[in-house]
Amino acid sequence: MVRISLFKHGWKILRTRAMTNSNLPNHFDGDVDLGIIGGTGLYKLDCLEEIAVLPEMVTPWGITSSPITISRVTGDRNHLHVAFIARHGLHHEFPPSKVPFRANIAALKHLHCKAVLSFSAVGSLQSYIKPRDFILPQQIIDRTKGIRDHSYFNDEGLVGHVMFGDPFSRSFADYISQFHDVLQNPDSPLPCLLHHDRELTVVCMEGPQFSTRAESRMYKLLGGHVINMSVLPEAKLARECEMPYQMVCMSTDYDAWMEHEEPVTVESVLGHLGNNSRNANALASKIVQDMAKQLPEFMKTGDGLRNSAKFSISTRPEAMSKETLQKLRFLFPDYW
Ligand SMILES: CSC[C@H]1O[C@H](OP(=O)(O)O)[C@H](O)[C@@H]1O
Ligand SMILES: Nc1ncnc2[nH]cnc12
């Protein structure tokens with residue numbers, strides 16, 4: 001059952017509570033500070049105290065993959081508001097190629113998020129990155145197949161080219177790395193590491209099948225450190241929305257490049273999801289508590305991205321259709 005209601009810009013839909021089983025309010029009127037996207041094994045962050053569950057949001061680019069939970073973190077002087085979306089849906093129903101990435105990122109932008117923190121389960125392409133380590137990549141190699149909608153500025157009548165040389169937020173990665181010592185692995189004497197380096201590169205493949213051994217070896221040769229199926233187009237869309245974006249990659253396996261080891265299977269991934277999820281909660285908890293004390297500079301200033309989309313769009317507003325302008329205003333109510 002779906003109840004449609006006109007929202008500020010005419011794009012909101014209210015569903016019944018069937019999806020969420022929550023007694024929390026289904027609306028939130030303030031601005032959200034931080035958007036968090038959870039991936040495989042991370043459908044909720046237990047460290048957050050939820051204050052509202054917004055039904056899946058209908059955007060001009062489709063419906064978000066999950067309801068959006070809003071949480072409040074109380075700091076010394078301020079409240080921090082956090083919006084959480086489950087990338088694959090609450091029941092893991094969206095495969096990587098079918099995730100409504102544009103709707104998810106548009107919803108976070110519409111809620112005024114000042115940054116996006118994203119979590120992802122990844123395979124390791126390097127022996128020094130072991131399962132259960134976390135990685136803050138700074139570069140991406142695109143091995144998707146062009147079948148995902150990957151831009152808000154790629155329609156006839158709207159042309160825009162944003163800078164993507166540095167696809168992640170360096171400031172956000174530096175900020176996250178200060179909390180490296182929360183990571184734990186009770187099943188091993190080796191410490192759980194948070195790898196943080198300018199060169200760290202995530203390969204994004206289409207899937208849903210895992211890589212062949214030859215592909216896995218090729219990704220190593222290309223300079224990949226980890227591999228997943230979901231950093232693109234998420235990172236591109238966050239950039240088009242001028243939101244600083246950092247993915248925390250959580251290693252689960254060695255993919256398929258190790259000659260004498262079994263290639264990755266879902267079972268091998270599952271074995272590490274519990275520990276990774278505990279560590280993701282611990283890390284997210286530290287981050288939001290620290291942000292609630294004082295919002296980091298990159299979130300206050302926009303990390304150098306403010307107005308970047310506006311100046312990347314080549315089409316003159318006079319030449320844009322009413323519909324195009326209406327869609328753009330969902331993301332940027334003040335620009336045109
Ligand atoms: C179940 S392993 C493959 C799956 O895991 C990752 O998902 P996410 O990035 O959402 O954590 C990877 O990208 C694949 O979609
Ligand atoms: N080996 C792998 N390849 C692609 N995505 C993954 N997610 C977790 N492990 C992965």
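Whatever order the structure lists them in is the order used to number ligands and atoms, beginning at 1.
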**Request:** Any chance you could measure Ile63, atom CD1, to Asn104, atom CG, to the nearest 0.5 Å?
**Result:** 11.5 Å
**Message:** Measuring from atom SG of Cys241 to atom CZ of Phe332, what distance do you get when rounded to the nearest 0.5 angstrom?
**Reply:** 5.0 Å
**Complete:** The answer, listing residues by chain and number that come under 4.0 Å of ligand 1 through any heavy atom, is Gly39, Thr40, Arg87, His88, Pro96, Ser120, Ala121, Phe210, Asn228, Met229, Ser230
**Asked** Applying side chain to side chain donor-acceptor pair (under 3.5 Å), which residue pairs with at least one partner in residues 241-256 are found, sequence neighbours left out?
**Response** Ser118-Tyr245, Gln138-Gln246, Ser216-Asp255, Glu234-Tyr245, Glu242-Tyr335
**Request:** Please determine which of Met57, Arg102, Arg87 meets the side chain to side chain contact (heavy atoms under 4.5 Å, CB included) test together with Thr64.
**Result:** Met57
**Message:** Between His88 and Phe94, does the ring-ring contact (aromatic ring centres under 6.0 Å, His included) criterion hold? Intermediate values first, please.
**Reply:** CA-CA 5 Å; His88 300 283; Phe94 294 97; 8.4 Å; no
**Message:** Could you tell me if Ser151 and Glu240 have a donor-acceptor pair between their side chains, going purely by distance under 3.5 Å?
**Reply:** yes
**Message:** Quick test of your reading: applying side chain to side chain donor-acceptor pair (under 3.5 Å), list the pairs with at least one residue in residues 185-196, sequence neighbours left out, ordered by first then second residue.
**Reply:** Arg132-Asn185, Arg132-Asp187, Asp133-His195, Asp174-His196
Please tabulate, one line per pair, the protein nitrogen or oxygen atoms found under 3.5 angstrom from a nitrogen or oxygen of ligand 2, with distances to 0.1 Å, or say none if there are no such pairs.
residue, atom, partner, partner atom, Å
ligand 2, 1 (N), Asp253, OD1, 2.9
ligand 2, 1 (N), Asp255, OD1, 2.7
ligand 2, 7 (N), Ala121, O, 3.0
ligand 2, 9 (N), Gly123, N, 3.2
ligand 2, 9 (N), Asp253, OD2, 2.6

**Request:** Compute the ring centroids of Phe28 and His81, then answer whether they are less than 6.0 Å apart.
**Result:** yes
**Request:** Using distance alone, with no hydrogens and no angle criterion, decide if Asn275 and Arg278 have a side-chain donor and acceptor under 3.5 Å apart.
**Result:** yes
